[in-house]
Amino acid sequence: MSRTMIQAAVTMNQLQQKLDLIGHNMANSQTPGYKTRNAEFSSLLTQQINNLNTPENAVNRLTPEGIRVGSGARLGAINNDLSIGALQTTNRALDLALRNGRHFFQIQTGEPGAIETNYTRDGSFYLQRTSAAADSVMLTNGDGEPVLGQNGGPIVIANGFEGIEVRDNGQIVVERGGQLEVAGAIAIVEITRPHVLEAVGGNLFRLPDADEHGFAVNEVALPVGIIDSLVESGILEQANVDLAAQMSELLMAQRAYQFNARTISTTDQMMGLINQLRS
């Protein structure tokens, strides 16, 4: 196989991943708290062929002399756009929107013995009966995973309340017999290095292992505490997906894919023509 066909085939494989990424963004354009993922490409190994060494070529030349031949492109990185999405009023007590762009809710995931803390901007929470006690409910996300409270564990509320609300400082207040009581407080953390967050699916993020980047989790995820103006109740943050921009990226990726596919077909035709001339 010629070098040209190898370059095109490698690039097409990486462009397919970008197309999948764009499709994922567009499919989640209505998912609360979803953050757009952007693909960045980088060149693979480049070979410098110095076969044009003449004094005339050096006049007013800004680039290295010779011919540079690459091996295609690859998907260098997938970056998360963590800008705040539009806010939509739902008037539902357990729909929460974070006011600070670096604040995240904490979700407990995994099975016993392999529990992990993930982070999300999706504040659509629900009450679900706990398996340990039938007379209590637990605050969970849409997938039934516990939302962590200020005590470091799931927020469990005893049944028998008539109403529930969340204050702007994250405290959960329930009404029992006409009296208000604080049933718990949602733990919110500030991610000081949001660019290191890794998407793990389910609209969740995780922090990489400390030995990979040289920092501890408690240095990046800082507890915010119970302070005013943290959350807004009855409001959801929408996905920050720009459908027009995604359509533009989709068209450009498709065009690049077609060009590389045409490169392979054209090269194949040229090689066939050369074989006919030889025979």
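Position 1 is the first residue of the sequence, and the numbers go up from there.
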Go through it in stages, so that I can follow the logic: the residues are N79 and E40, the test is side-chain hydrogen bond (donor to acceptor under 3.5 Å, both in side chains), and I'd like the CA-CA distance, side-chain angles, deciding distance and then a yes or no. CA-CA 8 Å; N79 297 323; E40 289 189 2; 2.7 Å; yes
Cluster check [X], [Y]: I/L/V/M/F/W/Y, side chain < 4.5 angstrom:
X	Y	result
L148	L98	no
I78	I22	no
M138	F125	no
I172	V137	yes
L96	I157	yes

Step by step, would you call D95 with S124 a side-chain hydrogen bond (donor to acceptor under 3.5 Å, both in side chains)? CA-CA 5 Å; D95 283 345; S124 54; 5.2 Å; no
Flag this pair as yes if the NZ/CZ of R92 is under 6.0 angstrom from the six-membered ring centre of Y126 and inside a 45 degree cone about the axis; otherwise no. yes
Counting distance only, does the side-chain N/O of [X] pair as donor-acceptor with the main-chain N or O of [Y] below 3.5 Å?
X	Y	value
N28	H24	yes
N260	A256	yes
R176	N159	yes
N203	P32	yes

Contact check, side chains of [X] and [Y], non-hydrogen atoms, under 4.5 Å:
X	Y	value
E145	T140	no
L19	L250	yes
Y34	E237	no
R255	L251	no
M12	Y257	yes

Taking transitive links into account, so neighbours of neighbours count too, which hydrophobic residues share a cluster with L180 at under 4.5 Å side-chain distance? V173, V182
Apart from I235 itself, what residues make up its hydrophobic cluster, given side-chain heavy atom links below 4.5 Å? L87
Should Y119 and H103 be marked as a side-chain hydrogen bond (donor to acceptor under 3.5 Å, both in side chains) after you check the CA-CA gap, both sets of side-chain angles, and the distance that decides it? CA-CA 9 Å; Y119 308 91; H103 287 177; over 6 Å; no
Mind checking the [atom1]-[atom2] spacing from [X] to [Y]? Nearest 0.5 Å is all I need.
X	Y	atom1	atom2	value
E181	Q171	CD	CD	12.0 Å
L94	L139	CG	CG	6.0 Å
L21	E249	CG	CD	10.0 Å
N80	H195	CG	NE2	11.5 Å
M271	L273	CE	CG	11.5 Å
Q88	Q30	CD	CD	8.5 Å

Go through the structure and list residues passing side chain to side chain contact (heavy atoms under 4.5 Å, CB included) with T263, not counting sequence neighbours. T4, A8, T267
Please name the pair of heavy atoms, one in [X] and one in [Y], separated by the smallest distance, quoted to 0.1 Å.
X	Y	value
K18	A39	CG-CB, 4.2 Å
F205	V200	N-CG2, 4.2 Å
R37	A199	NH2-CB, 3.2 Å
S29	A239	O-CB, 3.5 Å
G149	A187	O-CB, 3.2 Å
P194	L82	CB-CD1, 3.1 Å

By the definition side-chain contact (heavy atoms from CB on, under 4.5 Å), identify the one residue from I115, N141, V147 that meets it with Q108. I115
Among T117, D122, T120, whose side-chain contact (heavy atoms from CB on, under 4.5 Å) with L204 holds? T120
Assess, by modelled atom type and distance only, whether the side chains of T109 and N118 contain a donor and an acceptor separated by less than 3.5 Å. yes
For salt bridge (charged side-chain N to carboxylate O under 4.0 Å, His left out), just list the numbers for R102 and E190, CA-CA rounded to whole Å, side-chain angles, deciding distance to a tenth of an Å, and then say yes or no. CA-CA 5 Å; R102 291 194 173 190; E190 178 179 356; 5.1 Å; no
Identify whether the distance between the nearest side-chain nitrogen and carboxylate oxygen of E198 and R206 falls below 4.0 Å. yes
Between T31 and Q238, is the side chain to side chain contact (heavy atoms under 4.5 Å, CB included) condition met? List the steps. CA-CA 7 Å; T31 302; Q238 299 302 298; over 6 Å; no
N/O donor-acceptor pairs under 3.5 Å from side chains in residues 221-234, not counting sequence neighbours:
{"residue": "S229", "atom": "OG", "partner": "R99", "partner atom": "NH1", "Å": "3.3"}
{"residue": "S233", "atom": "OG", "partner": "A93", "partner atom": "O", "Å": "3.0"}

Acceptor/donor pairs from residues 240-248 side chains to any protein atom, 3.5 angstrom cut, sequence neighbours excluded:
{"residue": "N240", "atom": "OD1", "partner": "T36", "partner atom": "N", "Å": "2.9"}
{"residue": "N240", "atom": "OD1", "partner": "T36", "partner atom": "OG1", "Å": "3.0"}
{"residue": "N240", "atom": "ND2", "partner": "D81", "partner atom": "O", "Å": "2.8"}
{"residue": "N240", "atom": "ND2", "partner": "S83", "partner atom": "O", "Å": "3.1"}
{"residue": "N240", "atom": "ND2", "partner": "S83", "partner atom": "OG", "Å": "3.2"}
{"residue": "D242", "atom": "OD1", "partner": "A244", "partner atom": "N", "Å": "3.2"}
{"residue": "D242", "atom": "OD1", "partner": "A245", "partner atom": "N", "Å": "3.4"}
{"residue": "Q246", "atom": "OE1", "partner": "N25", "partner atom": "ND2", "Å": "3.3"}

Could you pull out all residues at least two apart from F104 that satisfy ring-ring contact (aromatic ring centres under 6.0 Å, His included)? none
